[in-house]
Amino acid sequence: MNREELLKVIGSVEQIGGVRDFVFNDGRAKGVRAIEINTGKICFTLLPDRGLDIANASFMGTNVSWISKTGITDPRFYEKADNGFLRGFFGGLVTTCGLKNIGGGVGEYGLHDRVSNTPAEKVSVFADWVGDDYCMEVSAHIRQCKVFGENIVIKRTIKTKLFSNSFTLTDTIVNEGHSDEDFAIAYHCNFGYPLVREGAKIINVPEDIAAISGPIHGKEEECIGVPQSGDRPTVGIENGEMGAYITYDKQTMPSFLVWKMLGESEYVVGLEPRTTNFGGQNIINNNAFVALKPFEEYKSRLEFEFKSL
């Protein structure tokens, strides 16, 4: 249906999709701003107060993301020391890890560092007709900085349109300091039940790690580096009824990690495009950071797509 045809049968785009901007009002999420984007096929919630990361996500009314027992948590509860990050790790479809550390804590930088607990600034929401397409776009800046330290900005844009079963997440990472700066980033993409269930499988990974079991009591997490081929590899999860897929730029995200945590409650499969599979002290030991000169930019792009099988 073109724009004119559609507007003959609905009173408002909100009848079938659109954008909602709201604030949570309970528990540890109280005060957290959220922006829900609904294409009529996929629906997902952005959190400007949490680095414009993505919490809940569903396809055709069925959940695809994993939400941890912490739930959405205001960044004021962030705990840096040791594994304190986990006390506010809501999971969600995307948790951004970085920018001065990914993996285990090292020095002043805790587990996965702080960018996911950094409120965004310059948040902009666009939802309007462009020709016959109803386009929806949210952009923001996420700045990680300190006096006498780094000044790194992620310029993030998330785009989709009405009736689409996909969206893109594009980051431009800029060193706005006056000295060379190192950074690392990982996109911690977390898929959960009912997409993840016994009999589902991870696609485009070795067969010995592709299978997904039901929850296992006492199961420990597995973090498995998986080489990917091609300039734009696609990875995903399929369960026979639906599939969720991520396509990313290997040039800027040369490493990829599968996080299999098939325990009780922590029942989740993470698919993680990254700048490096090293974490914590190993990043330093292997000089595995990305180096940016002053005002140099580094771009990355992920496409999320969902299908009925």
Side-chain angles (χ1 to χ4, degrees), residues 41-42 44 54-70 83 86 89-95 97 102-104 111-112 165-167 169 186-250 253-279 282 302-309:
K41 292 185 177 180
I42 55 175
F44 53 99
I54 305 174
N56 305 75
S58 61
F59 171 60
M60 303 300 287
T62 300
N63 175 69
V64 297
S65 61
W66 174 70
I67 302 298
S68 80
K69 65 185 69 169
T70 75
N83 291 331
L86 297 175
F89 176 41
F90 62 85
L93 188 66
V94 179
T95 291
C97 303
I102 55 179
L111 173 67
H112 290 322
N165 64 337
S166 66
F167 69 90
L169 185 158
Y187 297 92
H188 212 301
C189 306
N190 309 289
F191 297 93
Y193 180 85
L195 172 67
V196 173
R197 65 189 190 204
E198 187 168 8
K201 65 178 182 179
I202 310 168
I203 67 162
N204 293 338
V205 300
E207 194 64 31
D208 61 337
I209 66 169
I212 297 174
S213 70
I216 301 170
H217 179 69
K219 178 68 174 176
E220 296 185 354
E221 65 178 349
E222 301 173 79
C223 297
I224 309 161
V226 180
Q228 295 287 319
S229 59
D231 294 334
R232 292 276 295 162
T234 296
V235 291
I237 298 174
E238 297 178 344
N239 66 10
E241 296 179 0
M242 64 186 301
Y245 311 91
I246 305 170
T247 302
Y248 65 96
D249 289 323
K250 189 178 176 185
M253 296 288 118
S255 297
F256 177 77
L257 186 143
V258 174
W259 179 50
K260 290 181 78 174
M261 182 58 248
L262 300 179
E264 296 163 322
S265 180
E266 276 82 40
Y267 184 64
V268 51
V269 174
L271 305 178
E272 302 181 34
R274 307 155 66 95
T275 54
T276 175
N277 277 340
F278 290 112
N282 286 328
L302 284 72
E303 180 177 357
F304 293 81
E305 185 176 15
F306 305 89
K307 296 180 180 177
S308 298
L309 301 177

Fill in: Non-neighbouring partners of K201 that pass side chain to side chain contact (heavy atoms under 4.5 Å, CB included), sequence neighbours left out
I203, E238
Considering non-hydrogen atoms only, spot the tightest contact between [X] and [Y] and give its length.
X	Y	value
F44	A57	CB-CB, 4.0 Å
A244	L195	CB-CD2, 3.7 Å
I202	L271	CG2-CD2, 3.9 Å
P194	T62	CG-CG2, 3.5 Å

Verify, without hydrogens or angle tests, whether [X] (side chain) and [Y] (backbone) share a donor-acceptor contact under 3.5 angstrom.
X	Y	result
N165	F306	yes
K260	A211	yes
E272	G225	no

Worksheet item: Quick one: side chain to side chain donor-acceptor pair (under 3.5 Å) partners of E266, sequence neighbours excluded?
Response: K69
Discussion item. For Y245, I'd like to know if atom OH has over 12 heavy atoms of other residues, nucleotides or ligands within 6.0 Å.
Written reply: yes
Worksheet item: Is the CG atom of D208 crowded by more than 12 outside heavy atoms at less than 6.0 Å?
Response: yes
Worksheet entry | Under 3.5 Å side-chain donor-acceptor pair for W259 and E221 | yes
Worksheet item: Hey, are the side chains of L93 and N190 touching, using non-hydrogen atoms and a 4.5 Å cut-off?
Response: no
Practice prompt. Carefully, step by step, assess V226 and L257 under the rule side-chain contact (heavy atoms from CB on, under 4.5 Å).
Written response: CA-CA 6 Å; V226 180; L257 186 143; over 6 Å; no
Practice prompt. Could you walk me through whether T247 and F304 pass the side-chain contact (heavy atoms from CB on, under 4.5 Å) test, one step at a time?
Written response: CA-CA 7 Å; T247 302; F304 293 81; over 6 Å; no
Fill in: side-chain contact (heavy atoms from CB on, under 4.5 Å) partner of V196, the single match among V268, I212, N239
I212
Discussion item. I'd like to know whether the aromatic ring centres of F89 and H112 sit less than 6.0 Å apart in this structure.
Written reply: no
Worksheet item: Ring centroid separation for Y267 and Y193, is it under 6.0 angstrom?
Response: no
Practice prompt. Check the pair L262, V269 against side-chain contact (heavy atoms from CB on, under 4.5 Å), reporting the backbone distance first and the verdict last.
Written response: CA-CA 7 Å; L262 300 179; V269 174; 4.1 Å; yes
